[in-house]
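When a ligand or atom number is given, it counts from 1 through the structure's own listing order.
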Amino acid sequence: MSEIETTARALVAPGKGILAADESAPTIEKRFKSIDVESTEENRRKYREMLFRTEGAEEFVSGVILFDETIRQPAADGTLLPKILEAKGIIPGIKVDAGAKQLAGSPTEKITEGLDGLRDRLAEYRGLGARFAKWRAVITIGDGIPTDYCLATNAHALARYAALCVEAGIVPIVEPEVLMDGRHTIETSDDVTTRTLHHVFDALFDQRVPLPQILLKPNMVLSGYDCPEQADVREVAERTIACFRRVVPAAVPGIVFLSGGQSDELASAHLNEMNKLGGGPWELSFSYGRALQAPALKAWGGSDANLAAGQKAYYHRAKCNGAARHGSYSAAMENAA
Ligand code: 13P
């Protein structure tokens with residue numbers, strides 16, 4: 001097995017998943033604002049160092065996606081932050097896209113930028129320790145959208161990114177996120193997610209990306225957050241797996257879901273139910289940002305006195321999602337915390 005495929009499989013090892021800690025400068029500023037903390041380089045370092053030094057997190061966390069600043073950032077004692085992860089056997093990864101911008105000719109849709117110079121940046125990141133990468137495309141559901149133009153253009157960019165990653169010996173996490181904001185039904189989510197993934201796998205095939213060397217990071221198939229009728233956990237799990245069985249080739253080693261604004265407990269419950277149902281040829285895992293971090297961010301609150309409380313909250317969420325990988329998560333785990 002190639003090194004890159006070994007890495008892809010290690011990232012979805014049984015009982016483990018990925019922490020997405022790659023918030024861009026505006027996003028981390030927004031998260032810090034929610035706890036009334038200023039987004040300075042020092043505060044970002046403190047917060048992320050707290051997460052990365054959490055004892056035992058490596059039982060449930062296989063890899064961490066970093067932002068450009070973080071992969072170069074020293075901890076308080078001068079150790080580079082990715083080295084702290086490596087020392088625990090956690091694989092460092094890197095966000096390499098430059099964000100979603102307005103799509104020319106379709107102003108309510110987005111296209112993700114960042115291909116220019118990507119080959120050189122990937123080589124640099126590999127030198128800094130990155131063994132996997134992430135690129136996020138954003139698909140919005142609304143009146144007459146997504147258009148096929150938007151889906152095809154984003155899929156093309158995702159495939160170009162993935163092909164360059166494979167060339168550089170880096171596992172590409174391919175992330176086409178269909179946003180769940182809005183009043184749309186779960187049937188619409190299912191339909192749009194299916195269309196999106198069709199485009200993505202066509203483009204990956206056209207651009208000769210070897211599927212055993214990638215991981216897919218999709219949304220779950222949910223009711224729009226403002227839809228008056230909310231599908232229950234079982235229906236979400238069944239529809240999500242059924243959708244992927246139609247469009248995700250068996251050669252893909254793992255599907256690592258984003259949480260996308262679900263509550264942290266619901267994100268664990270959905271993943272758990274899917275693993276209980278089974279029936280897919282791929283590992284079903286997590287690559288959560290908010291659903292792994294929200295309670296830790298709150299418990300920390302920007303204060304050095306709360307570092308241990310922040311780590312406890314992060315460890316707990318990691319443990320719950322680790323259990324969800326085996327279908328053994330339960331509400332009782334939350335109460336026992
Ligand atoms: P959320 O789990 O908060 O959606 O973040 C995952 C991610 O990396 C989005 O790109």
Side-chain angles (χ1 to χ4, degrees), residues 11-12 17-35 47-48 51 60-71 91-101 110-114 130 132-141 154 157-158 161-162 171-182 189 193 196 200 214-222 224-225 236 240 254-271 274 284-298 313-314 317-318 320-322 324-325:
L11 286 167
V12 291
I18 296 168
L19 165 67
D22 60 322
E23 297 84 2
S24 62
T27 303
I28 195 76
E29 186 171 354
K30 198 161 81 187
R31 303 274 185 268
F32 279 11
K33 206 166 177 185
S34 74
I35 52 163
Y47 173 64
R48 287 168 169 153
L51 297 177
F60 315 111
V61 175
S62 55
V64 174
I65 316 173
L66 305 169
F67 186 57
D68 181 79
E69 174 185 84
T70 321
I71 202 168
I91 306 169
I94 183 77
K95 181 227 292 293
V96 299
D97 67 66
K101 309 286 159 60
K110 296 229 148 66
I111 177 71
T112 301
E113 296 188 346
F132 70 104
K134 172 186 126 175
W135 178 289
R136 172 175 177 255
V138 180
I139 310 300
T140 311
I141 297 179
N154 273 291
L158 272 167
Y161 140 81
V171 176
I173 292 192
V174 173
E175 180 178 4
E177 175 173 7
V178 179
L179 296 177
M180 290 299 141
D181 303 294
S189 296
T193 304
T196 301
V200 168
I214 76 159
L215 293 173
L216 178 70
K217 175 163 174 170
N219 52 284
M220 296 177 192
V221 175
L222 308 175
Y225 294 136
V236 167
T240 303
I255 295 178
V256 294
F257 292 98
L258 57 93
S259 61
Q262 302 175 57
S263 75
D264 37 309
E265 295 188 13
L266 209 45
S268 299
H270 284 146
L271 179 64
M274 283 189 257
L284 294 173
S285 185
F286 57 90
S287 175
Y288 292 161
R290 284 161 286 180
L292 272 171
Q293 293 186 48
L297 183 71
K298 214 165 146 202
Y314 168 54
R317 289 266 48 93
C320 287
N321 288 306
R325 289 279 282 110

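With a 4.5 Å cut-off on side-chain heavy atoms, Phe132 and Ile18 count as touching. In this structure the side chain of Ser287 never reaches within 4.5 angstrom of the side chain of Leu258, judged on heavy atoms. In this structure, Ile111 and Asn154 have side chains that are in contact, with non-hydrogen atoms separated by less than 4.5 Å. For the pair Tyr161/Pro172, a side-chain contact is recorded, criterion being any heavy-atom separation below 4.5 Å from C-beta on. Contact check for Asp22 versus Arg136: no side-chain heavy atoms found under the 4.5 Å cut-off. Gln262 is listed as a side-chain neighbour of Tyr225, based on a closest heavy-atom distance under 4.5 Å.
Counting heavy atoms closer than 4.0 Å to ligand 1, residue Arg136 contributes side-chain atoms (C-beta onward) but none from N, CA, C or O. If you look at Ser287 next to ligand 1, the close heavy atoms, those under 4.0 Å, all belong to the backbone.
In this structure, atom 1 (P) of ligand 1 lies nearest to the protein heavy atom Ser259 OG, 3.3 Å.
Using a 4.0 Å heavy-atom cutoff, Gly260 is listed among the residues neighbouring ligand 1.
Ion pairing of Glu23 with Arg48 is present here, as a side-chain N (NZ or NE/NH1/NH2) and a carboxylate O approach within less than 4.0 Å.
In terms of polar-atom proximity, defined here as any N/O pair under 3.5 Å, Gly289 does make such a contact with ligand 1. Residue contacts with ligand 1: Arg31 is placed with no nitrogen or oxygen under 3.5 Å of a nitrogen or oxygen of the ligand (distance criterion only). In terms of polar-atom proximity, defined here as any N/O pair under 3.5 Å, Tyr288 makes no such contact with ligand 1.
For atom 6 (C) of ligand 1, the nearest non-hydrogen atom from the set Lys134, Lys217, Glu177 belongs to Lys217.
Close contacts of ligand 1 with Glu175, meaning ligand atoms under 4.0 Å from a residue heavy atom, involve 7 (C), 9 (C), 10 (O).
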